[in-house]
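Data first, discussion second: the structure below is written as C-alpha cells.
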Amino acid sequence: MPVTGESVFARLEPHLARVSKPIQYVGGELGSVHKAWEDTDVRWALMYPDAYEVGLPNQGVQILYEVLNEQEHTLAERTYAVWPDMEALMRREGIPQFTVDGHRPVGDFDVLGLSFSTELGYTNMLTALDLAGIPLRSADRTDADPVVLAGGHAAFNPEPVADFLDAVALGDGEEVVLKISEVVREWKGEGSPGGRDELLLRLAASGGVYVPRFYDVSYAEDGALVATRPNRPGVPDRVRKHTLMDLDAWPYPRNPLVPLAETVHERFSVEIFRGCTRGCRFCQAGMITRPVRERSITTIGDMVENGIRKSGFEEVGLLSLSSADHTEIGEVAKGLADRYEGSNVSLSLPSTRVDAFNITLANEFSRNGRRSGLTFAPEGGSERMRKVINKMVTEEDLIRTVAAAYSHGWRQVKLYFMVGLPTETDEDVLQVADLARKVIAKGREVAGHNDIRCTVSIGGFVPKPHTPFQWAAQLDVETTDSRLKKLRDLVRADKKYGRAIGFRYHDGKPGIIEGLLSRGDRRVSAVVEEVWRQGARFDGWSEHFSYDRWIAATETGLAGTGVDLDWFTTRERGLDETLPWDHLDSGLDKDWLWADWEDALDPDSVDVEDCRWTPCYDCGVCPELGTDIQVGPTGQSLLPLSVV
Ligand code: B12
Ligand code: SF4
C-alpha cells in the first residue's frame, strides 16, 4: 500500500524562493496544530478557497479546525488557494495541492471541507482539486479520493457546483462536522463496506448532509426546472440546515491562528451573536442564519481575554451581522473599555446600523484606539428604496447620527449603498449624492470646520436564494453602469461639497456573474468548468476577473440547454417556478418569503419589525427547525481583571 500523508515539504522548499510571498505556504503559525497522521482515524483538509491572506483570518475555518482537532481520533489541517505563480510551479514540479500544516497531499485526506462565503471562490476549488489529483467531477472519483464537502453561506445553493461536490452541509458547522467524522470513522472501522457510494449514502441518510448525486433534476422542454428529487431510498426529500443553539457552550476559537504573512484582518474577533432578524430583504446572511442567538456578556468577556492572551493581538473585533444590536452591547463596550483602559488593546465594531448606533458606544470603542472612521450602511439612496428593502433608516436618523459623530471628533464617515435594487430608478440612485451633500453640510456645521469627509461606497445588488428577493430580476450590466456613471458625474459636478465626498464603486460585470452563480442550477457546472479550463482563477479579485472569459464560457457551457445568462440573472421569477434550492431547507417558509416580496413591491405595506423585540411574524424558521430566539439581557456585567 502506498504511504499516505507524507509531507511534500522537502520537494517544495527548494522552490519557495521563486514564488511570491512564500511565507504563506509554510504554516506553523501560533495556534496551529500538528498531529501524527497514523494516530488518527479521520483526516480532514479544510480549505478557504482564496489566498492565504484572505483565508487565514476566516473564523469559520478556524473554528472547525479547532473543533475537529480537539477530537482524539481526528486530524484537521488547512489549505488555501495558491497564487498562479505557485500553481505553475506545482504543475511543473509535480507537487500536489498540500496543507500548510503538515504539507501533506490534499488527495490523501478522508474529507476535503471547503468553506464558501462567496460564490466567486468556485474556480479556485477546481484548481485545488486538479492540483490535488482529485477528479473534478464527483461521478469520476474513486474510493481513494476524499469526500469533497462544502459548507458556508454560498452552500445554501450549491447547485451551480453540484457536479464537483460529493456532499454539502448547510448552516452552522460545529456539530455537523463531528457527526460527519463519526459516520466516516464508523464506516472505515467496518472496513469501508460498499466503498464511496455507501459512505455517501450513510451521510445522506443521516438527514443533515446533502449529497447531490442522490438527487435527480428534471427540466421542461423550454428549459425550466421541474423538480429535484431523491433517486435512492432512504434519502430525504429536503435537507435541513444546522443551527447551533448554545453559543456559550462553543466559545471558539479558543486558540486563534496568528498569521505569519500579512492578512486582511489582524485582530482577534469574537462573534457576539449569530443570526439577524432585522429583515433586510436583500440580505441572505440575515435570512439563512435565523434565529438570533446571543453570546452572554460573560462568555464574550472570557473569550476576549483568552484570545488576546493566546494570540498577542492588540485589536479585538466584536463580530456579528449587526453588532450594535446585542441586547447588552452598552455593557459589553463599557466593560471591555474599562478593563483594557490604558493598555494597548483597542476595540472595534465592524458592522453598525445607523439607527442602533449611539455615540456613547462609539466613544467607548475609541477610548483606547484611533478614531479611524465610522461606517454605516443605509443601502438605499432614497427613502422609497429603503422601504422596499425594509431597511428602516430615515434621512433624519442618518443625519442625526453622523452629526453626532462629527461633533464628537470623527472626521470620516463611510456610507454603503447598493445599485440595482428592485423597482429602483435613476432618481433613487441620484439621491445618494443628495444625501452625501447633506451629510457634509451638517458635518461642517456641527464640527465648525471644513476638514471632514464622507466616502460613498456603492456596489451592485445581487438577488440571493432564500431571501424575499430570490424572485427578483437582477439589473443588467449596462443600466447598472449608466446609473453609477450618472451618480459619479453628479458628485463630481458639485463645486461646494463634491471634493469632500469620496466615491467608490465596482462596475456591474462581476455582479452579473455572481448572480449566475448565486441563482444558477446544475447546468451552470458546465460553465464553471469551462471558464476554469480557459484560465479563470481568483474571480473575487478585480485584477484576475475576466468578464469576457465568463461570457464566452456561458455561451459554450449553456449551449443546447434552452437557457442563457439572462435567464438566470435579469429574469423575474414567478411563485410557481421551482427554484434550484427548493429542496434545501433554511427553515424559511416559502409563502412567507413570497408575501414579503409582494410587500416590498407594495408602497402601502407596513415595515417588518425585528422579532427580537416585537411578536413573531411567522417567517417559519423557529417552528420548522425547533429553534428559538435567544437574547438577553442577562443582567450580568464584566468584572475588571485582577492584573497579576
Ligand atoms: C469578517 C468578514 C469578512 C472579512 C474577512 C473574511 C474572512 N477571511 O473571513 C473580509 C472583510 C475580508 C470579508 C470579505 C468579503 N466578504 Co465578508 N464577512 C465577514 C463577516 C463580518 C464575518 C464572517 C465570519 O467570520 N462569520 C463567522 C463564522 C463563524 O461563520 P462562517 O464563516 O459562516 O462559518 C460557519 C458556517 O458557515 C459553517 N461553515 C463554514 N465553512 C464551512 C465548511 C464546511 C465544510 C462545513 C461543514 C461548514 C462550514 O460553519 C462555521 C461555524 O458555524 C460576515 C458577516 C457575518 N457575521 O457572518 C461577512 C460576509 C460573510 N461577507 C460577505 C461578503 C459578500 C464578502 C465579500 C464577497 C465582499 C466583497 N464584495 O468583496 C468578500 C469576500 C472575501 C473572499 N474572497 O472570501 C457576505 C456573504 C454574503 C452571503 N452569501 O451571505 C457576509 C455574510 C456579509 C453580508 N451580510 O453580506 N468579509
Ligand atoms: S419564526 Fe418568528 S421568532 Fe423565529 S425567527 Fe421567524 S419571525 Fe422570528
Side-chain angles (χ1 to χ4, degrees), residues 44 46-51 53-64 67 81 111-121 124 148-157 167-177 179-180 208-209 241-244 247 250 252-253 263-265 269 271-277 279-280 282-292 317 319-323 350-351 377 459-460 462 464-467 506 510-511 514 518 538-542 587-589 592 608-612 614-625 627-629:
W44 288 67
L46 293 171
M47 176 171 198
Y48 192 87
D50 206 321
E53 62 201 73
V54 179
L56 182 124
N58 179 257
Q59 281 250 325
V61 170
Q62 289 204 23
I63 292 172
L64 302 184
V67 164
V111 184
L112 167 59
L114 290 132
S115 181
F116 287 115
S117 16
T118 156
E119 299 80 4
L120 295 172
N124 283 354
V148 179
L149 166 78
H153 290 186
F156 276 79
N157 178 24
V168 182
L170 308 183
D172 298 331
E174 288 86 342
E175 292 168 320
V176 70
V177 292
K179 284 192 194 137
I180 293 171
V209 181
K241 77 162 181 182
H242 299 269
T243 311
L244 191 67
L247 257 66
W250 296 80
Y252 296 90
T263 59
V264 286
H265 274 174
S269 296
E271 230 184 327
I272 61 172
F273 63 87
R274 261 189 208 165
C276 177
T277 35
C280 302
F282 57 86
C283 182
Q284 186 191 41
M287 293 289 162
I288 61 177
T289 57
R290 289 166 175 232
V292 170
L319 192 90
S320 76
L321 285 166
S322 179
S323 293
S351 22
V462 180
K464 295 275 171 167
H466 305 277
T467 69
H506 292 293
E514 190 187 330
S518 296
F538 291 93
D539 287 301
W541 297 66
S542 49
L588 293 155
D589 178 2
W592 177 79
V608 183
E609 299 284 338
D610 190 323
C611 60
R612 261 175 291 193
T614 59
C616 166
Y617 48 80
D618 295 327
C619 77
V621 171
C622 295
E624 170 74 13
L625 303 175
T627 55
D628 212 350
I629 282 181

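Because the structure is predicted, anything quoted here is derived from the model rather than measured. Start at 1 with the first residue, then count along the sequence. Hydrogens, waters and symmetry mates are skipped; everything else that's a heavy atom, side chains included, is used. First listed ligand is number 1; within each ligand, the first listed atom is number 1.
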Can you find an N or O of Val177 that's nearer than 3.5 Å to an N or O of ligand 1?
no
Taking the side chain as everything from C-beta on, heavy atoms only, tell me whether Asp618 gets closer than 4.5 Å to Asp589.
no
Tyr48 to ligand 1, any heavy atom closer than 4.0 Å:
yes
Are the side chain of Gln59 and the backbone of Ser269 linked by a donor-acceptor contact shorter than 3.5 Å?
yes
Roughly how far, to the nearest 0.5 Å, is the CH2 atom of Trp44 from the CD1 atom of Ile180?
4.5 Å
Where is the nearest protein heavy atom to atom 7 (S) of ligand 2: which residue, which atom, and how far?
Tyr617 N, 3.6 Å
Among non-hydrogen protein atoms, atom 6 (Fe) of ligand 2 lies closest to Cys619 SG, 2.3 Å
Say whether Asn58, considering both its backbone and side-chain N or O atoms, lies within less than 3.5 Å of an N or O atom on ligand 1.
yes
Heavy-atom proximity to atom 36 (C) of ligand 1, best of Gly460, Gly171, Ser322:
Gly171
For ligand 1, which atoms sit closer than 4.0 Å to a heavy atom of Gln284?
82 (C), 83 (N), 84 (O)
Could you tell me whether some N/O pair between Asp50 and ligand 1 is separated by less than 3.5 angstrom?
yes
More than 12 heavy atoms of other residues, nucleotides or ligands under 6.0 Å from NE2 of His506: is that the case?
no
Between Leu114 and ligand 1, which part of the residue brings a heavy atom under 4.0 Å of the ligand: side chain, backbone, both or neither?
backbone
Parallel, tilted or perpendicular, judged at 30° and 60°: which one describes the rings of Trp592 and Tyr617?
parallel
Near Leu321, which atoms of ligand 1 are under 4.0 Å from a heavy atom of that residue?
55 (C), 56 (C), 57 (N), 89 (N)
Per-atom filter on ligand 1: closer than 4.0 angstrom to a heavy atom of His153 are 33 (O), 82 (C), 83 (N), 84 (O), 86 (C)
Ile63: numbered ligand 1 atoms lying under 4.0 Å from its heavy atoms
29 (C)
Between Leu64 and Leu46, which heavy-atom pair has the shortest distance, and what is it?
C-CD1, 3.9 Å
With backbone taken as N, CA, C and O and side chain as the heavy atoms from C-beta onward, which portion of Arg274 lies under 4.0 Å from ligand 1: side chain, backbone, both, or neither?
side chain
So, for Thr614 and Glu609, which heavy atoms are closest and what is the spacing to 0.1 Å?
OG1-CB, 3.5 Å
Determine, for Glu119 against Lys464, whether the closest basic-nitrogen to carboxylate-oxygen distance falls under 4.0 angstrom.
yes
What are the two closest non-hydrogen atoms of Ser115 and Val61, and how far apart are they?
CB-CG2, 3.7 Å
Which atoms of ligand 1 have any heavy atom of Ser320 under 4.0 Å away?
57 (N)
Do Glu174 and ligand 1 have an N or O pair less than 3.5 Å apart?
yes
Mode of Val264 contact toward ligand 1 - side chain, backbone, both, neither (heavy atoms, under 4.0 Å):
side chain
Give a yes-or-no answer on whether the side chains of Asp172 and Thr243 include a donor-acceptor pair shorter than 3.5 Å.
no
Heavy-atom nearest option to atom 39 (N) of ligand 1, drawn from Gly152, Ala154, Gly540, Gly173
Gly152
Give the atom numbers and elements of ligand 1 that come within less than 4.0 Å of a heavy atom of Ala285.
84 (O), 86 (C), 89 (N)
Which is it for Thr118 and ligand 1 at heavy atoms under 4.0 Å: side chain, backbone, both or neither?
side chain
Ligand 1 and Trp44, any nitrogen or oxygen pair closer than 3.5 angstrom?
no
From Leu120 CG over to Trp541 CH2, what is the distance, rounded to the nearest 0.5 angstrom?
12.5 Å
Does Ser115 reach ligand 1 with a nitrogen or oxygen that is under 3.5 Å from one of the ligand's nitrogen or oxygen atoms?
yes
Does the His466 side chain pair with the main chain of Phe156, one donor and one acceptor, at a distance under 3.5 Å?
yes
The closest protein heavy-atom partner of atom 8 (Fe) of ligand 2 is Cys611 SG, 2.3 Å
What residue and heavy atom of the protein are closest to atom 2 (Fe) of ligand 2, and at what distance?
Cys616 SG, 2.4 Å
N/O separation below 3.5 Å, Glu119 to ligand 1:
no
Nearest non-hydrogen partners of Val54 and Val264, listed with the distance
CA-CG2, 3.9 Å
At less than 4.0 angstrom from any non-hydrogen atom of Leu64, what atoms of ligand 1 do you find?
42 (C), 43 (C), 44 (C), 46 (C), 48 (C), 49 (C)
For Ser518, does its backbone N or O pair with a side-chain atom of Asn157 as donor and acceptor, under 3.5 Å?
yes
N/O/S atom of Cys622 inside 2.8 Å of atom 4 (Fe) of ligand 2, strictly under:
yes
In terms of heavy-atom contacts, Met47 and Ala81 come closest through CE-N, 3.6 Å
Given Ser117, Pro510, Gly151, Ala169, which has its nearest heavy atom closest to atom 44 (C) of ligand 1?
Gly151
Which residue, Leu247, Val292, Thr289, forms the side chain to side chain contact (heavy atoms under 4.5 Å, CB included) with Arg274?
Leu247
Non-hydrogen side-chain atoms of Leu149 and Val168 separated by less than 4.5 Å:
no
Short version for Ile629: what comes under 4.0 Å of ligand 2, heavy atoms counted, is side chain
With heavy-atom distances below 4.0 Å as the criterion, list the atoms of ligand 1 near Gly113.
45 (C)
